[in-house]
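So the structure is just underneath, and the comments pick up after that.
In what follows, chains carry the letters A, B, and so on, assigned in the order in which the sequence lines appear, proteins first and then strands, with residues in each chain numbered from 1. Computed from a predicted model, the values in this text were never measured in an experiment.
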2 protein chains.
Amino acid sequence: MATLKEISQIVGVHPSVISRVLNDDQTLKIKDSTRKKILQTVKELNYQPNRMARNLKMNKTNMLGIVIPDIGNPVYSDIIKGAESEANANGYSLLIYSEHNKKKNEFLKLIKDNHVDGLLIASHELEHEIILELESSKKPFVIVNGKHSSSDNYVVLDDKAAGKLATEHLIELGHKHITHISGPIYADSAIQRLQGYREALHQNNYDFKSANVIESQYTIDSGYEAMKEIIKNHTLPTAIFAANILIALGALKAMKEHEIKVPDDISIIGLHDTYFTSILSPSLTTIQMPLFELGVNSVKSILQNIEDKQASPGKIIHGASLIKRESTAEFKI
Amino acid sequence: MATLKEISQIVGVHPSVISRVLNDDQTLKIKDSTRKKILQTVKELNYQPNRMARNLKMNKTNMLGIVIPDIGNPVYSDIIKGAESEANANGYSLLIYSEHNKKKNEFLKLIKDNHVDGLLIASHELEHEIILELESSKKPFVIVNGKHSSSDNYVVLDDKAAGKLATEHLIELGHKHITHISGPIYADSAIQRLQGYREALHQNNYDFKSANVIESQYTIDSGYEAMKEIIKNHTLPTAIFAANILIALGALKAMKEHEIKVPDDISIIGLHDTYFTSILSPSLTTIQMPLFELGVNSVKSILQNIEDKQASPGKIIHGASLIKRESTAEFKI
DNA sequence: CTGTTAGCGCTTTCAT
DNA sequence: ATGAAAGCGCTAACAG
């Protein structure tokens with residue numbers, strides 16, 4: 001790989017001049033002929049500035065990190081796509097840090113050793129001390145898809161509206177007994193979705209019964225267990241609102257095992273739409289969330305923070321929408 | 001962030017000594033008392049070596065890149081998990097470069113500007129000149145899940161065995177008319193899988209008919225179109241072998257639209273197993289491939305290359321296995 | 001047992 | 001219109 005020094009020897013000009021030409025230094029006055037010669041040799045030698053040197057000098061890596069629980073989860077891949085697209089558009093690359101299989105909170109190293117210029121954190125289990133450590137690090141961070149009492153740097157979806165929309169859909173179909181399989185209650189998104197469920201019930205003069213809420217993790221296995229519990233312990237509801245796509249899949253699996261027919265015996269709506277929801281049989285009615293935009297906006301927030309040196313306030317990305325498919329149907333006696 | 005210099009001032013010793021202590025320099029002779037004092041202050045100040053400085057000095061980033069077509073594709077997320085796990089185990093982090101939405105061949109920049117120490121390339125469309133550029137860069141690379149005539153640096157699955165296994169399964173079930181929806185024929189994996197299909201037919205005294213092979217891309221949409229074509233133009237086969245999970249999903253979608261019942265009207269087996277195959281209705285019979293191991297071994301290859309400065313020869317990761325589910329059934333007249 | 005020195009490749013301020 | 005010099009934080013060879 002060619003270095004500035006080598007180029008400078010060929011062109012017969014000082015390295016610093018080349019640097020200034022390449023970085024479009026406006027204050028630089030230079031003969032058009034030398035500029036041309038420089039540009040030409042740069043092209044000929046296929047020169048690429050050494051990123052490591054530049055990083056050290058500028059104290060900046062032009063990398064953002066995103067911490068996610070599991071890269072296999074389609075929810076995160078959509079967020080990542082948005083984040084990456086916005087990052088790239090601004091000259092940054094995105095380092096994906098999947099917590100799957102890693103020591104807890106190890107991601108802090110990304111910040112401490114200057115691996116990244118800023119961090120998007122889409123992890124559920126954020127402890128208070130971690131927030132403090134992040135804040136003391138002086139590097140920008142933003143909590144994606146969740147809130148935390150100790151920080152105002154967040155970008156979230158309108159989970160409450162989504163929960164309400166899902167529940168209203170089931171109510172409109174005439175369902176009376178609607179069970180919600182919620183996410184883990186330590187996750188803000190789960191709380192908001194549950195809240196939306198409650199609001200929809202309330203506005204339609206339904207009684208809220210805590211027995212109709214089963215807590216689950218955002219995983220297939222946990223959704224499966226939750227649904228089995230519902231089947232075992234309760235009179236079967238006529239409709240299910242699953243707080244997340246993986247929970248919905250797990251619930252479907254349990255229903256299948258117990259030969260419960262969807263939507264004849266029970267309707268189900270899932271939160272988050274993904275590429276295979278329309279291929280399931282029956283196809284799954286979902287609430288589509290603007291995950292890509294969530295990623296985009298999270299990066300926008302953090303870049304603003306990096307440039308202006310001040311955190312932008314919490315943002316909510318609106319835009320939950322119902323995608324009606326086969327898994328929900330009118331309630332018939 | 002504390003620097004070596006700061007620590008050295010506190011301890012009252014030269015920066016380089018601290019460096020040597022932290023890097024476990026065996027040739028270093030030092031008083032236990034000073035070593036202790038150093039270690040203690042390092043811990044107290046929560047010192048982390050500055051990665052950018054180290055990178056520049058060592059001419060090494062301890063990052064590997066992996067180039068994939070699309071991060072949303074579950075096939076790649078399994079490969080990534082394996083690659084990341086092996087990379088982390090060796091002190092490397094993995095930069096995921098998803099080509100989705102990027103300019104073609106732009107990933108070469110990762111190598112040229114020293115962003116990564118080596119590159120795993122799991123992209124289908126690798127042109128000859130790109131291989132040449134990669135080779136001239138002198139940085140290690142390995143082609144993952146594909147071969148290329150101009151390079152021996154590859155790690156692949158046993159796609160031929162997988163194609164054979166899938167086809168044999170359908171033959172054993174008594175199917176006579178088995179159509180293969182193949183991957184793009186410029187991809188080595190597609191060629192191998194087709195080859196396996198042919199071998200299985202041949203060994204069972206079936207005639208191979210090229211009309212029974214429909215070429216497709218490794219995408220849902222393309223699988224969908226391929227299946228529609230099969231439905232429209234041909235007498236319907238009794239069994240389908242889809243060269244990839246996404247193709248299988250697309251085919252299922254087309255069948256659903258045309259109210260073709262699986263497995264009553266037609267059996268289907270897909271290649272690659274993923275988290276939702278068992279939840280589909282009917283659940284999908286698949287060939288499970290060792291994608292995680294593919295990732296692991298690709299990283300092993302490249303690390304060996306980085307350390308020994310010489311490429312390890314092409315590797316095949318064996319271990320395709322049949323997962324029998326509901327989508328394939330005995331052929332009945 | 002510890003200090004000195006040089007330098008990785010780049011950017012930026014100041015001097016000419 | 002261009003050159004010189006300093007320095008980012010670290011490591012490694014060599015000196016004492």
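Taking atom CZ of B:Arg54 as the reference point, atom C1' of C:dG7 lies 17 Å away to the nearest angstrom. The nearest whole Å value for the distance from the NZ atom in A:Lys60 to the P atom in C:dT12 is 12 Å. The interatomic distance linking A:Leu22 (CG) with C:dT12 (P) rounds to 13 Å, in whole Å. Protein atom CE of B:Met52 is 14 Å distant from nucleotide atom C1' of C:dG9, rounded to whole Å. In this structure, the CG atom of B:Asn55 is 16 Å from the C1' atom of C:dG7, given to the nearest Å. Atoms CG (A:Asp24) and C1' (C:dT11) sit 15 Å apart, rounded to a whole Å. As a whole-Å value, the separation of B:Ile18 CD1 from C:dT4 P is 14 Å. Atom CD in A:Gln9 sits roughly 12 Å away from atom P in C:dG9 (whole-Å rounding).
In terms of modelled atom types and a separation under 3.5 Å, the side chain of A:Asn297 and the main chain of A:Glu293 share a donor-acceptor contact. Counting only distance, with no hydrogens or angles, the side chain of A:Asn90 and the backbone of A:Glu86 share a donor-acceptor pair below 3.5 Å. Distance alone, capped at 3.5 Å, places no donor-acceptor pair between the B:Arg54 side chain and the B:Asn50 backbone. A distance-only check finds a donor-acceptor pair linking the side chain of A:Arg51 to the backbone of A:Thr61 [under 3.5 Å]. At distances below 3.5 Å, at least one donor-acceptor pair connects side-chain atoms of B:Asp113 with backbone N or O atoms of B:His115. Under a 3.5 Å cut-off, the side chain of A:Asn59 and the backbone N or O of A:Asn55 do not form any donor-acceptor pair.
Of the residues in residues 32-51 of chain B, those with a non-hydrogen atom less than 4.0 angstrom from any atom of DNA chain C are B:Thr34.
Taking the centre and axis of the six-membered ring of B:Tyr97, the NZ or CZ atom of B:Lys102 falls inside the cone set by 45° and 6.0 Å.
To the nearest 0.5 Å, the span separating OG on B:Ser77 from CZ on B:Phe292 amounts to 12.0 Å. Here CG of A:Asn145 is found 8.5 Å from OG of A:Ser298. Values are rounded to the nearest 0.5 Å.
Among the atoms of the strands shown, base atoms are found under 4.0 Å from some heavy atom of B:Leu4. Using a 4.0 Å heavy-atom distance criterion, A:Lys29 is classed as a base contact. Across all strands, A:Met58 comes closer than 4.0 Å only to sugar-phosphate atoms, never to a base (heavy-atom distances).
For the OP1/OP2 pair of C:dT11 and a distance below 4.0 Å, the side-chain nitrogens and oxygens of A:Asn23 include at least one atom meeting the criterion. Considering only side-chain N and O atoms, A:Ser19 lies under 4.0 angstrom from the phosphate OP1 or OP2 of C:dT11.
Atom CG of B:Asp152 is surrounded by 12 or fewer heavy atoms from other residues, nucleotides or ligands within 6.0 Å. In A:Lys60, the NZ atom is crowded: over 12 heavy atoms of neighbouring residues, nucleotides or ligands sit closer than 6.0 Å.
With respect to A:Lys104 and A:Glu99, no salt bridge is recorded, no charged nitrogen being found less than 4.0 Å from a carboxylate O.
Of all nucleotides in DNA chain D, those with any atom nearer than 4.0 Å to a heavy atom of chain A start and finish, going 5' to 3', at D:dA1 to D:dG9.
Take the nearest nucleotide of DNA chain C for B:Leu56 and for A:Lys57: the residue whose nucleotide is more 5' is B:Leu56.
The B:Lys31 side chain lies nearest to C:dC1 when the options are C:dG9, C:dC1, C:dG3.
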Listed pairs, N/O of protein and of nucleotides 13-16 of chain C, under 3.5 Å:
none

